[in-house]
Amino acid sequence: MIDLTRINDTKFTLNSDLIESIEEVPDTVITLTTGKKIFVKESRQNVVNLVKLYKKEILCQNI
């Protein structure tokens, strides 16, 4: 799960396993596997980094 901010400044937590794609057009748009699109304030690279950090934390807990 990663914490993000919608364009209207609302904070929310997203299950990163649902992310299908991330685009910057110019706002960052996350497309979920369900087809839903979410516009966020974070940059594409920042979202990618948050997902990597989350996955790393999960994997390290199991060691």
Side-chain angles (χ1 to χ4, degrees):
M1 306 286 271
I2 59 172
D3 293 321
L4 298 169
T5 311
R6 293 183 193 272
I7 295 296
N8 66 1
D9 288 326
T10 304
K11 302 275 187 191
F12 72 102
T13 303
L14 176 67
N15 180 344
S16 60
D17 292 333
L18 296 177
I19 296 174
E20 183 174 305
S21 66
I22 307 167
E23 303 172 80
E24 282 182 329
V25 288
D27 293 326
T28 305
V29 181
I30 300 173
T31 303
L32 305 181
T33 56
T34 62
K36 181 177 180 178
K37 295 186 182 291
I38 302 173
F39 290 79
V40 297
K41 285 193 168 187
E42 290 78 10
S43 68
R44 182 192 59 79
Q45 189 59 55
N46 192 5
V47 173
V48 169
N49 291 341
L50 288 169
V51 171
K52 286 179 180 179
L53 180 62
Y54 171 69
K55 299 279 185 180
K56 183 178 177 181
E57 288 174 2
I58 296 301
L59 290 173
C60 289
Q61 285 180 358
N62 294 329
I63 295 176

Working for side-chain contact (heavy atoms from CB on, under 4.5 Å), residues L4 and L50: CA-CA 9 Å; L4 298 169; L50 288 169; 3.8 Å; yes
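- When each of I30, T28, I7 is tested with F39 by the rule side-chain contact (heavy atoms from CB on, under 4.5 Å), just one qualifies, namely I7.
- In this structure, Y54 contributes its side chain and M1 its backbone to a donor-acceptor pair below 3.5 Å.
- Using a 4.5 Å cut-off on side-chain heavy atoms (C-beta onward), K41 and D9 make contact.
- For the pair N49/V51, no side-chain contact is recorded, criterion being any heavy-atom separation below 4.5 Å from C-beta on.
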Going by atom type alone, with no hydrogens or angles, which donor-acceptor pairs under 3.5 Å involve a side-chain atom of residues 14-24 and a protein atom two or more places apart or on another chain?
unit_1 : atom_1 : unit_2 : atom_2 : d
N15    : OD1    : D17    : N      : 3.0
D17    : OD1    : K55    : NZ     : 2.5
E24    : OE2    : R44    : N      : 2.9

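- Shown here for V47 and E42, the closest heavy-atom pair between the two residues is CG2-CB, 4.0 Å.
- Follow the hydrophobic side-chain contacts under 4.5 Å out from I2 and you reach V48 in the same cluster.
- Counting heavy atoms from C-beta on, the side chains of F12 and D3 never come closer than 4.5 Å.
- From D27, atom CG reaches atom CZ of R6 across 14.0 Å, with rounding to the nearest 0.5 Å.
- With sequence neighbours excluded, no residue forms a salt bridge (charged side-chain N to carboxylate O under 4.0 Å, His left out) with K37.
- Partners of K11 according to the side chain to side chain contact (heavy atoms under 4.5 Å, CB included) rule, which considers only residues two or more places apart in sequence or in another chain, are T5.
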